[in-house]
Amino acid sequence: MLWPGLGMDSVGDTLQRLRETFSAGRTRPAEFRATQLEGLGRFLRDNKQLLQEALARDLRKPDFESEVSEFSMAQHEIHLALRNLRAWMKDEKVPRSLGTQLDRAFIRKEPFGLVLIIVPWNYPLNLTLVPLVGALAAGNCVVLKPSEISKNMEQVLAEVLPRYLDQSCFAMVLGGPEETGQLLEHRFDYIFFTGSPRVGRIVMTAAAKHLTPVTLELGGKNPCYVDDNCDPETVANRVAFFRYFNTGQTCVAPDYVLCSPEMQERLLPALQSTIARFFGEDPRSSPNLGRIINDKHFQRLQGLLGCGRVAIGGQSDQSDRYIAPTVLVDVQETEPVMQEEIFGPILPIVNVRSLDEAIDFINRREKPLALYAFSKSSEVVKQVLARTSSGGFCGNDGFMHVSLASLPFGGVGASGMGRYHGKFSFDTFSHHRGCLLRSQGMEKIYSIRYPPYTPRNLRMLLVAMETRSCSCTLL
Ligand code: NAD
C-alpha cells in the first residue's frame, strides 16, 4: 500500500495522526476549512492540463465532457462551499415549547471526525473532489481512496493533490480491493462510498463492525420511458447524448428505453441520424467518443452486444477498446443486458403497450438511481413521477438534475443511501447535534415534573411540553 508523502508510516499510525489532529480541534475553525477548500481550487487550476491528460489517457474523455462533468462541477462545489461555509456552520435555531421559552434550542453541525472516501473510476476527478469538498467544509479529517482502475488519474491525484492540503488532516491510500479491504478493517467515523452495489455491500458490512455510518452512492439500471406523445428527434438527441456521454460509463445514464412498438419505429431513424450527427459515419474516428476503461469491461460489454437484435451500431474493436454507439431491439427481459447495469454505449429498447405497463415494469425492479420520462403531456410525466420511486428524476431530459447543486443527489433502495452536492454534502458530513441550553434558575416552576406526581402537575406539564411546531422537551 502506498502512502504518498508519508514514507513507511503504517496505516494505523497515519489514522492515529489524523485522529490527533481532529481531537486537537485543528480542523474546526472556518478559516482552516476555507484554506483547504481554496487549496482544492488551486489544485484544479494549477494542474488542469495534467488532469485533462489523465482523463484522456484513462477514458479518452473528450475535453468538452471533462470540462462539463469533471472540472466545472468540482469548481462550482468549491465556490459554493466557500461562499456559504459560515452560514452552513451556524447553529440552527429550532421552535421551542412553552416550558423551554427561556432556553436556547438549536442544531449544531459538528464534524464526524475521521472520514473515509472511496472513489470509482468513471468520473475519477468529480467523484473525488465533490465529496472531498463536503467532508473538508464540514471540518473532518479525510482518508481518500481513489480508484486503482483509472490509473492515470490515480497517479496524478497521489502525486499532486496532497501538496495542496494540510497533511495533518488529509491522507491518501492507493490500492485495489485487497488494500481497501484492509483499510476498511480500521475504524472510521464516516464512510462515503461511490461504486457498485456489490462492493457497497462489502463496505456496509465492514462499517457495521464499528457501527460507522455510511453514504452509499451506487448504480443500477435507470429506466427511460418514452411516451407516444413525443417528438422523436428531440427525444433521440437527448437520450443519445446522455446515454453515450462518457461512452455510456455513467451511473445516471438512461440504461434502457421503454416505449411502444409504434414509438420505436419513429425513434429508430431519429436515433440513427442523431448518432451520425454526433459521431459521424465512422464513430470510431470521432474525437467526441471516448473508450471503455479496460479489457474486462470491454469484454463484458461485447458480450451484451449479443442480446436482442442490433438495430444501430454493434461494431467493436478490442485493440483500442472501442464499442460503437449501439441500439438493441427485440430485447427480452431475461437477457443479461436487462439484468445488469450496462455502463457502456449500448441502449436496449424494450416494448411496452401502455404507461401502466411501463410503470409496472419499473416497479417490479430495484429502485433505480435515476428515472427519466419523456412526454409532451405533463400529466404523463407527473404520473411516472408519482407512481414510481428512484434516487432522482428528470422529465423530458437526461441527467440534467445532477447538475443542480440545489438538489440532493443519491440513491434509494438498491441504488444507495444518503445524499450530497452543495449544502447536502455539508450536512452529510456533519453530525446534527440536538442541543438545549438552560440555566439553573426557575427550579420552583420546573419542580412540577418531579415526584410526588400529581394530576394537577401532569396537566400543567403537558401544556408546557406543547411546542408551537413539533419538537418538545421536558421542563
Ligand atoms: P467498484 O464498486 O468496483 O469500485 C469502487 C471502489 O471500491 C474502488 O475504489 C475500488 O478500489 C473499491 N473496491 C473494489 N472492490 C472492492 C472490494 N472487494 N473491497 C473493498 N473495496 C473495493 O465500482 P467501479 O467499477 O469503480 O465503478 C462503477 C460502479 O460505480 C457502477 O456500478 C456505477 O453505477 C457506480 N457509480 C455510482 C455513482 C453514484 O454517484 N451513485 C457514480 C459513479 C459510479
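What you see is a predicted model, and the numbers here were worked out from it, not measured in a lab. Every heavy atom of this structure was used, including side-chain atoms; hydrogens, water molecules and symmetry mates were not. Counting starts at 1 for both ligands and their atoms, in listed order.
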Contact (N/O only, under 3.5 Å) between [X] and ligand 1:
| X | answer |
| --- | --- |
| W121 | yes |
| E148 | yes |
| S147 | no |
| Y420 | no |

Self-check item: From T194, I342, V199 - option closest to atom 5 (C) of ligand 1 by heavy atom
Solution: T194
Quiz item: For atom 2 (O) of ligand 1, which candidate among G200, P146, S196 provides the closest heavy atom?
Solution: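 Shortest heavy-atom distance from atom 2 (O) of ligand 1: S196.
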Is it the side chain, the backbone, both or neither of [X] that has a heavy atom closer than 4.0 Å to ligand 1?
| X | result |
| --- | --- |
| L218 | backbone |
| I202 | side chain |
| L369 | side chain |
| Y123 | neither |

How far is [atom] from its nearest protein heavy atom, and which residue and atom name does that atom have?
| atom | answer |
| --- | --- |
| atom 9 (O) of ligand 1 | V119 O, 2.7 Å |
| atom 44 (C) of ligand 1 | N122 OD1, 3.4 Å |
| atom 42 (C) of ligand 1 | C251 SG, 3.1 Å |
| atom 32 (O) of ligand 1 | E341 OE1, 2.7 Å |

Quiz item: Quick one: do D320 and R284 make a salt bridge, cutoff under 4.0 Å?
Solution: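 So D320 pairs with R284 through a salt bridge.
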Quiz item: Would you call E340-R300 a salt bridge at under 4.0 Å N-O?
Solution: yes
Quiz item: So is I118 close enough to ligand 1, meaning a heavy atom under 4.0 angstrom away?
Solution: yes
Quiz prompt | ligand 1 contacted by F193 (non-hydrogen, < 4.0 Å) | solution = yes
Counting from 1, what ligand 1 atoms have a heavy atom of [X] closer than 4.0 Å?
| X | value |
| --- | --- |
| P120 | 24 (P), 26 (O), 27 (O), 43 (C), 44 (C) |
| L127 | 42 (C), 43 (C) |
| F343 | 28 (C), 31 (C), 33 (C), 34 (O) |

Quiz item: What is the ring orientation for H297 with F343, classed by angle as parallel under 30°, tilted 30 to 60°, or perpendicular over 60°?
Solution: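 The arrangement is tilted - the two ring planes meet at 30° to 60°.
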Quiz item: CZ of R387: more than 12 outside heavy atoms within 6.0 angstrom?
Solution: yes
Quiz item: Counting only heavy atoms not in K48, do more than 12 fall under 6.0 Å of its NZ?
Solution: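 More than 12 within 6.0 Å, yes.
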Self-check item: Positive for ring-ring contact (aromatic ring centres under 6.0 Å, His included) with F429, one of F424, F192, F112
Solution: F192
Quiz prompt | From F374, Y372, F399, F278, residue fulfilling ring-ring contact (aromatic ring centres under 6.0 Å, His included) relative to F242 | solution =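 That would be F399.
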Exercise. Consider only side-chain N and O atoms of N222 and D255, and report whether a donor and an acceptor are under 3.5 Å apart.
Key: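 Looking only at side-chain atoms, D255 and N222 do not form any donor-acceptor pair under 3.5 Å.
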Quiz item: On the ring face of Y123, is K61 found with NZ or CZ under 6.0 Å from the centre and within 45° of the axis?
Solution: yes
